[in-house]
Amino acid sequence: MLELRKLEKTFPGVHALKGIDFSVRTGEVVGLVGENGAGKSTLMKVIYGACPHDGGAVLVNGEPARFNTPREAMHKGIGMVFQEQSLIPNLSVMENIYLGFEQPFVRFGVIHWKRMAAAARQQLAKVHLAVDPRTTTSRLSFAQRQMVELAKVLALGDRVAGDLVILLDEPTSVLSKDEVQLLFQRVRELRSRAAFIFVSHRIDEVIDISDRIYVLKDGAVVDVVAREDAEPERIQRKMVGREISKEYYREEKQRPCGTDVLLEAKGLGCKGKYENISFQLRRGEVLSLVGAPGAGGEQIMRTVFGLERPDRGSLEIKGRTVRRFTPANGVARGVGYVPRERKIEGIVAGMSVCENMTLPQMARYSVGGVMKRALERAVARDWVRRLEIKTPSVDACAGKLSGGNQQKVVIAKWRSAGSDIILLDHPTRGVDVGAKESIYEVIRELCADGCGVLLVADTLEEAIGLSHTIAVLKDGQIRQCFDCRPGRKPSLFDLVHCMT
């Protein structure tokens, strides 16, 4: 259905794709893995038409094709379900499904909403999503929006001849295990009318759903693995070009935390979100909040930063009670927040690496309203070096960096501002195994510098490996706290037993 031959793509200073050979057969699920910066996103953009290739050939059903826009790719039956989701939240489900393709429902310049709703129900039925197509999209859960994205792509089938090629870009990154299995079930059901390209950093999921797996490194295909031959360790070695340490949480580098209390919650509560939350965060400590989705960890973290206001209890930062819960007040007290949705809340994608790093402290780099660009760049270059951020320069657009490097930019933003209470909400979500090792090392360095880290981890293993203390949340309350010093780490069973 789709074939790439010796595909090339070059950006200023970066050879992103180097002679890529890639193919997708009818009804097949093809996995695509690689480190952040390996070329996965660029390859997907070329296939989807968001980024024209420089050399080589793209063939659709054996015919040469060149896509200069996503719309051109759609006309050839190629659609994409985005990791960050492309739906417009204040539009209805049906408007999102037919965005840009409303003409069949227009008569005399007026949209026939009932006809559009009936057509949207047919698309939603394909993914077994029972929602009213007139529902505002922002009211749906993330998993439901993911299914609407898939229904939107399947609607291409009514406009093109033949089967579809659907690109799934990190579709499981924030889904629960049950939601992941539901998505995989839909993908398997749809193989009779579509082929899929599945991109994920979760190697076990890629092996589970894919017929073949392409491994990318430094813009080139380094291996193609059939599912029956796929082993996580083999794929990881190919991805990073070295052996991955099974102890990559760096437990051996964990040092005792200090006694100075940076943050203390006393009976903190917020109706419908959490209640009676009490804990202390000390210098050099990693305190993890773990629990099932919706247990309250993310809301507690947003309260500490000042994005949400509690209705009872108290919060003290460095011995001073917080009266005004605002992000500006949090930043002024030395709190830095690395959010889960880094592209929406963490960075300003259209600004440079340098500008992102200095956003919370612009007064420090300006005189009379004029920025001291040389000083600003010097500080940014120092943090790029210290955190080993892979970027062509500090003036490069932050939105074009890989996920792991974007996370480091956000961390550098707060550390360069002098923040010593760092809130990390799923810091390794959507980054590869090599980038995870690097982020874990950064967390250890934060502790060594005297910072306190409040962590909502991506996995229980991650929380166990990185933490000095784990607070287990259930139904918005802390059920139990575990001491996580080396040699006294709790087991997965210990945590799950308290969560369920």
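In this chain, residues are counted from 1 in sequence order.
Atoms CG and CD1, on Leu315 and Ile317 in that order, are 5.0 Å from each other to the nearest 0.5 Å. Taken to the nearest 0.5 Å, the CD1 atom of Ile411 stands 10.5 Å off from the SG atom of Cys451. Rounding to the nearest 0.5 angstrom, the gap separating the OG1 atom in Thr428 from the NE2 atom in His426 is 8.0 Å. Annotation: the span from Lys40 atom NZ to Lys45 atom NZ amounts to 12.0 Å, rounded to 0.5 Å. Interatomic distance, OG of Ser41 versus CD of Glu170, reported as 8.5 Å (0.5 Å rounding). In this structure, CG in Leu495 is found 11.0 Å from NZ in Lys489, a value given to the nearest 0.5 Å.
Counting only distance, with no hydrogens or angles, the side chain of Asn405 and the backbone of Ile389 share no donor-acceptor pair below 3.5 Å. A donor-acceptor pair is defined here as one N or O able to donate and one able to accept, closer than 3.5 Å; such a pair exists between the side chain of His468 and the backbone of Arg255. Between the side chain of Lys152 and the backbone N or O of Met80, no donor-acceptor pair lies under 3.5 Å. Lys238 places no side-chain N or O within donor-acceptor distance of the main-chain N or O of Val215, the cut-off being under 3.5 Å. For Ser467 (side chain) and Ile470 (main-chain N/O), no donor-acceptor pair under 3.5 Å exists by modelled atom type. Counting only distance, with no hydrogens or angles, the side chain of Glu285 and the backbone of Arg282 share a donor-acceptor pair below 3.5 Å. Within the 3.5 Å criterion, the main-chain N or O of Gly369 finds no donor-acceptor partner in the side chain of Ser366. Distance alone, capped at 3.5 Å, places no donor-acceptor pair between the Glu316 side chain and the Glu264 backbone. Under a 3.5 Å cut-off, the side chain of Thr137 and the backbone N or O of Pro89 do not form any donor-acceptor pair. Between the side chain of Gln477 and the backbone N or O of Lys474 there is no donor-acceptor pair closer than 3.5 Å.
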Criterion side chain to side chain contact (heavy atoms under 4.5 Å, CB included) on Thr469 and Leu281, from CA distance to verdict
CA-CA 9 Å; Thr469 308; Leu281 177 67; over 6 Å; no
Between Asp204 and Arg202, is the salt bridge (Lys or Arg N to Asp or Glu O under 4.0 Å) condition met? List the steps.
CA-CA 6 Å; Asp204 56 337; Arg202 298 178 177 177; over 6 Å; no
Verdict with supporting geometry, Leu99 and Leu91, side chain to side chain contact (heavy atoms under 4.5 Å, CB included)
CA-CA 10 Å; Leu99 186 64; Leu91 293 184; 4.2 Å; yes
Please determine whether salt bridge (Lys or Arg N to Asp or Glu O under 4.0 Å) holds for the pair Asp395 and Arg377, giving the CA-CA distance in whole Å, both sets of side-chain angles, and the decisive distance to 0.1 Å.
CA-CA 8 Å; Asp395 296 313; Arg377 285 193 181 93; 3.1 Å; yes
Walk me through whether Tyr440 and Glu462 qualify under side chain to side chain contact (heavy atoms under 4.5 Å, CB included).
CA-CA 9 Å; Tyr440 298 151; Glu462 188 172 272; 2.4 Å; yes
Give the intermediate values and the outcome of side chain to side chain contact (heavy atoms under 4.5 Å, CB included) for residues Tyr274 and Asp475.
CA-CA 7 Å; Tyr274 55 84; Asp475 298 330; over 6 Å; no
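Annotation for Val206 and Gly31: closest pair CG1-CA, 4.0 Å, computed over non-hydrogen atoms. In terms of heavy-atom proximity, Pro171 sits nearest to Val199 at CD-O, 3.6 Å. In terms of heavy-atom proximity, Leu216 sits nearest to Gly39 at CD2-C, 3.8 Å. Closest of all the heavy-atom pairs between Phe482 and Cys498 is CZ-SG, 3.8 Å. When all heavy atoms of Asn356 and Pro360 are compared, the closest pair comes out as O-CD, 4.3 Å. The minimum heavy-atom distance between Ser416 and Trp383, with the atom names listed, is CB-NE1, 3.3 Å.
Every residue was checked against the side chain to side chain donor-acceptor pair (under 3.5 Å) condition with Arg309, not counting sequence neighbours, and none meets it. Under the side chain to side chain contact (heavy atoms under 4.5 Å, CB included) criterion, Arg134 pairs with Met94, Arg121, Asp132, not counting sequence neighbours. With sequence neighbours excluded, the residues that form a side chain to side chain contact (heavy atoms under 4.5 Å, CB included) with Lys318 are Leu262, Asp420, Ile421.
Annotation for Lys9: atom NZ counts as buried by contact number, over 12 foreign heavy atoms lying within 6.0 Å. By the 6.0 Å contact criterion, CZ on Arg139 is open, its count of non-hydrogen atoms from other residues, nucleotides or ligands being 12 or less. Applying the 6.0 Å contact sphere to CD of Glu388 captures no more than 12 heavy atoms from other residues, nucleotides or ligands. Within a 6.0 Å radius of CE in Met371, other residues, nucleotides and ligands contribute more than 12 heavy atoms.
With contacts defined as side-chain heavy-atom distances shorter than 4.5 Å, the pair Met301/Leu454 qualifies. Taking 4.5 Å as the limit, every side-chain heavy atom of Leu168 sits out of range of all side-chain heavy atoms of Ile197. No side-chain heavy atom of Val472 sits less than 4.5 Å from a side-chain heavy atom of Leu289. No side-chain heavy atom of Leu183 sits under 4.5 Å from any side-chain heavy atom of Ile209. Proximity of Leu359 to Val348: side-chain heavy atoms (C-beta onward) are separated by under 4.5 Å at one or more points. Counting heavy atoms from C-beta on, the side chains of Asp169 and Val81 never come closer than 4.5 Å. Contact check for Pro490 versus Cys484: side-chain heavy atoms found under the 4.5 Å cut-off. By the 4.5 Å heavy-atom criterion applied to side chains, Asp208 and Gln181 are counted as neighbours.
Between Phe184 and Phe196, the distance separating the two ring centers is not shorter than 6.0 angstrom.
Classification of Arg283 and Asp260 as a salt-bridged pair holds, one side-chain N sitting under 4.0 Å from a carboxylate O. A salt bridge does not link Arg444 to Glu441: none of the charged nitrogens lies less than 4.0 Å from a carboxylate oxygen. Under 4.0 Å is where a charged nitrogen must lie from a carboxylate oxygen, and between Arg415 and Asp449 at least one such pair does. Remark: Lys273 engages Glu308 in a salt bridge, criterion side-chain N to carboxylate O under 4.0 Å.
Defined by atom type and a distance below 3.5 Å, a donor-acceptor pair is missing between the side-chain atoms of Gln361 and Thr358. Side chains of Asp494 and Ser491: a donor on one and an acceptor on the other come within 3.5 Å.
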